[in-house]
Participant: 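Would you mind keeping the following structure in view while I ask a few things?
Worth saying up front: this structure is predicted, and the values here are computed from it rather than measured.
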Amino acid sequence: MGDEKPACRLVAVDGNGTLLGADGSVSEDTRSVIQRLEAKGIPVVLATARPFEKAKATLASAGMGHYALTENGARAVRISDGSAVWERWLEGHLVAGVLRRVKEHWPGAHLAQLTSCGGLLEEGHPWLKEPDSKEAAEKIFRTKVPDVVEELAKGGSCAKTYVHLPEAADFPAAMQELQGLLGDGWELREIKQLLPKTFNTCEVQSCLVNKAEGLAQLCQVWAFGDDANDRRMLSEVGWGVRMANHLPALGGIGKDVTELTNEEDGVAKYLEKHLLNGEPVS
């Protein structure tokens, strides 16, 4: 409690239970503070388990205008145009292997899957049979498939899975059993607010996809330098790039080197090539 607060240059805030009230709304006082912070140049980022489409209403209500971290850290999204500035998805066929064990253990389990292209929902899912949940489910999971596991086995990229066990009499015990089945490397969380009347549902997500990693990537820095006083900056901060004309003290330091010198606009050419034209760095 006695630690001195560092200077704040970005605020990351969870949605349900943190930013939002019990009714899911953003208060006028909260909205006013967010707008004042952003006017001072301090972005406020919503870090949510929701996909971007479902988070849009909250972002608009809160007056956030910069970025959102969605799907529990799978994507960092630019709010103005919905484009992803960073993504980390899981390979579909690998997730299929995990979910196949779930289906074999609980034949009555129903799955819904967030993917990089929207979402998958099993055609026989109970959510489609309830008028209160059908419309909301179809907005999040836009593609209906006979079997989520078999669809993921074909490939593609995905994030977390929603496992619905309508017949589980003791759902907390079922979650413990599920955690044991999944093993290390996977996280479980009970979900009650995804859709109207949500019950006996949990999300399954790889530990590789998380909000902490997403925020770190959103704040990623590219640094350029040529002399000994740039050594720590290039070796310790994000993606360090030494200039083609660097002094011997920087030999081998950083992750990359520009093709051109400062006299040849080396920094500008590097940024144009790798950021504006999208050519991947090695």
Participant: Given 3.5 Å as the limit, does a donor-acceptor pair link the side chain of Thr258 with the main chain of Ala244, or not?
Facilitator: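 Yes; at least one donor-acceptor contact below 3.5 Å.
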Participant: Taking Glu104 first and then Arg100, would you say they form a salt bridge - that is, a charged N and a carboxylate O separated by under 4.0 Å?
Facilitator: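 Answer for the salt bridge query: no.
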Participant: For Phe171, does its backbone N or O pair with a side-chain atom of Asn200 as donor and acceptor, under 3.5 Å?
Facilitator: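 No, because the side chain of Asn200 does not come within donor-acceptor range (under 3.5 Å) of the backbone of Phe171.
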Participant: So, does Gln113 use its side chain to make a donor-acceptor pair with the main chain of Lys160 at under 3.5 Å?
Facilitator: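 Here the side-chain-to-backbone pair exists.
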Participant: Please check if any side-chain donor atom of Asn210 sits under 3.5 Å from a side-chain acceptor atom of Glu187, or the reverse.
Facilitator: no
Participant: Please name the pair of heavy atoms, one in Leu128 and one in Glu122, separated by the smallest distance, quoted to 0.1 Å.
Facilitator: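 Taking every non-hydrogen atom into account, CD1-O, 3.6 Å.
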Participant: Using distance alone, with no hydrogens and no angle criterion, decide if Ser83 and Asp81 have a side-chain donor and acceptor under 3.5 Å apart.
Facilitator: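 Asp81 and Ser83 do have a side-chain donor-acceptor pair below 3.5 Å.
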Participant: Heavy atoms, side chains only, cut-off 4.5 Å: are Leu111 and Val163 in contact?
Facilitator: yes
Participant: Between atom CG of Leu120 and atom NZ of Lys144, what is the distance when rounded to the nearest 0.5 Å?
Facilitator: 11.5 Å
Participant: Under 4.0 Å between a side-chain nitrogen and a carboxylate oxygen: does that hold for Glu203 and Arg189?
Facilitator: yes
Participant: Does Glu264 have more than 12 heavy atoms from other residues, nucleotides or ligands lying within 6.0 Å of its CD?
Facilitator: yes
Participant: Counting N and O atoms only, with roles assigned by atom type, does the side chain of Glu87 sit under 3.5 Å from a partner on the main chain of Val77, one being a donor and the other an acceptor?
Facilitator: no
Participant: Does CD belonging to Glu167 count more than 12 external heavy atoms closer than 6.0 Å?
Facilitator: no
Participant: Show me the pairs that pass ring pair (Phe, Tyr, Trp, His ring centres under 6.0 Å) and involve residues 48-100, at least two apart or across chains.
Facilitator: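 Found none.
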Participant: Taking atom types as modelled, is there a side-chain donor on Ser32 or Gln35 under 3.5 Å from an acceptor on the other?
Facilitator: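 Side-chain D/A pair, Ser32 to Gln35: absent.
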Participant: Mind checking whether Met64 and Val13 have side chains closer than 4.5 Å, heavy atoms only?
Facilitator: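 Touching, per the 4.5 Å side-chain cut-off.
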Participant: May I ask you to check whether His110 and Tyr162 place their ring centres under 6.0 Å from each other?
Facilitator: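 No.
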Participant: Under a 4.0 Å threshold between the charged nitrogen and the carboxylate oxygen, would Arg142 count as salt-bridged to Glu53?
Facilitator: no
Participant: Taking CZ in Arg232 as the centre, count heavy atoms belonging to other residues, nucleotides or ligands within less than 6.0 Å. Is the count above 12?
Facilitator: no
Participant: Donor-acceptor pair, distance only, cut-off 3.5 Å: does the side chain of Arg50 make one with the backbone of Ala55?
Facilitator: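 Here the side-chain-to-backbone pair does not exist.
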Participant: Say whether, by atom type as modelled, one donor and one acceptor occur between the side chain of Arg231 and the main chain of Ala249 under 3.5 angstrom.
Facilitator: yes
Participant: What is the ring orientation for His164 with Phe199, classed by angle as parallel under 30°, tilted 30 to 60°, or perpendicular over 60°?
Facilitator: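 Perpendicular: the ring planes of His164 and Phe199 meet at over 60°.
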